[in-house]
Asker: 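Pasting a structure here, questions to come.
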Amino acid sequence: MEFLLYPILYGLSGFFMKISDDIYDEKHNKILASLIGVLCGVVSGIITSSSVDGAYIFLGILIGNFIALKVDGIHHVVTLIVFLAVSLYLSIPTLNLLLLAVIIISALIDEIGNDNEKIYAKSKFLMYFFDYRFYYEGCNPYTCTIRILKSMDIFILPVF
């Protein structure tokens, strides 16, 4: 059952965050954006608590976005609070801090490079790379890093 449920939950999480961002940015509806952000936080929190891979991905993306100052609207704050509440209530799996750091750096690079005209002006390759995110086709930086480092059997350290 998990085999079928995880792809649906991952998809819903991304869908809810994208819709929440669009409603906030384009429609300027903070309340609806925040309500949809609650759904995103719940779904992301469930995945984080029930899957080590999900914990790496969602915590890495969260921390990377936070460092990149992309948590910039009330809908993001609401989503963050709900995500943390659900994740902590259900418990976060033990994670390798080195692996989490790599995921955070990947997320940070993605956030800095995406829609960045200064980077786009330096290279057409970088523009295509970040705009179309070819690296997401089948093996994004988060899941590839998790697979590689987990296969190396690197020591495990708790996150908290």
Side-chain angles (χ1 to χ4, degrees), residues 1-24 33-116 119 129-130 132-160:
M1 183 64 172
E2 288 179 2
F3 179 73
L4 296 174
L5 190 58
Y6 282 137
I8 293 168
L9 292 176
Y10 277 103
L12 285 173
S13 174
F15 174 75
F16 289 142
M17 182 48 67
K18 180 67 176 153
I19 294 297
S20 175
D21 278 344
D22 286 350
I23 289 171
Y24 184 85
S34 296
L35 289 173
I36 295 172
V38 167
L39 295 173
C40 179
V42 168
V43 172
S44 301
I46 290 169
I47 296 171
T48 297
S49 297
S50 60
S51 164
V52 174
D53 293 345
Y56 280 118
I57 291 169
F58 285 108
L59 289 172
I61 290 171
L62 167 70
I63 297 167
N65 277 290
F66 201 80
I67 293 170
L69 304 175
K70 296 291 185 164
V71 180
D72 57 0
I74 187 67
H75 65 302
H76 288 153
V77 174
V78 168
T79 304
L80 170 66
I81 291 168
V82 172
F83 168 74
L84 290 175
V86 170
S87 297
L88 293 173
Y89 178 75
L90 296 176
S91 83
I92 297 173
T94 301
L95 302 174
N96 178 309
L97 294 178
L98 177 62
L99 177 53
L100 183 60
V102 172
I103 304 299
I104 291 167
I105 292 167
S106 297
L108 186 59
I109 290 169
D110 181 60
E111 287 303 322
I112 291 171
N114 189 38
D115 292 331
N116 187 328
I119 290 177
F129 181 81
F130 285 110
Y132 298 103
R133 292 183 172 124
F134 291 115
Y135 53 89
Y136 280 119
E137 297 300 322
C139 188
N140 66 54
Y142 314 118
T143 56
C144 283
T145 304
I146 289 170
R147 289 179 193 146
I148 292 166
L149 291 179
K150 281 175 73 175
S151 70
M152 294 169 63
D153 206 20
I154 294 177
F155 59 95
I156 302 294
L157 295 174
V159 173
F160 298 112

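Please read all numbers here as calculations on a predicted model, not as lab measurements.
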Asker: For the residue pair Ile36 and Phe16, what are the closest heavy atoms and their distance?
Answerer: CG2-O, 3.3 Å

Asker: So, Tyr56 versus Ser51: side-chain donor-acceptor pair below 3.5 Å or not?
Answerer: no

Asker: Between Ile46 and Val86, which heavy-atom pair has the shortest distance, and what is it?
Answerer: N-CG1, 3.8 Å

Asker: For the pair Thr79 (side chain) and Gly37 (backbone), establish whether a donor and an acceptor sit closer than 3.5 Å, ignoring hydrogens and angles.
Answerer: yes

Asker: Leu100 and Gly60: which non-hydrogen atoms are nearest, and at how many Å?
Answerer: CD1-N, 3.8 Å

Asker: side-chain contact (heavy atoms from CB on, under 4.5 Å) with Tyr10: which of Val43, Ile57, Leu5?
Answerer: Ile57

Asker: Testing His75, Lys70, His76 one by one against Asp72 for a side-chain hydrogen bond (donor to acceptor under 3.5 Å, both in side chains), which residue passes?
Answerer: His76

Asker: Quick one: does any side-chain atom of Ser13 pair with a main-chain N or O of Leu9 as donor and acceptor, under 3.5 Å?
Answerer: no

Asker: Hey, is the main chain of Ala33 close enough, under 3.5 Å, to the side chain of Ser20 for a donor-acceptor pair?
Answerer: yes

Asker: How far does OG of Ser49 sit from CG of Leu90, to the nearest 0.5 angstrom?
Answerer: 4.5 Å

Asker: Got a donor-acceptor contact below 3.5 angstrom from the Asp110 side chain to the Ser106 backbone?
Answerer: no

Asker: Check Ala107 against Ile61 and note the closest heavy-atom contact, atom names and distance.
Answerer: CB-CA, 3.9 Å

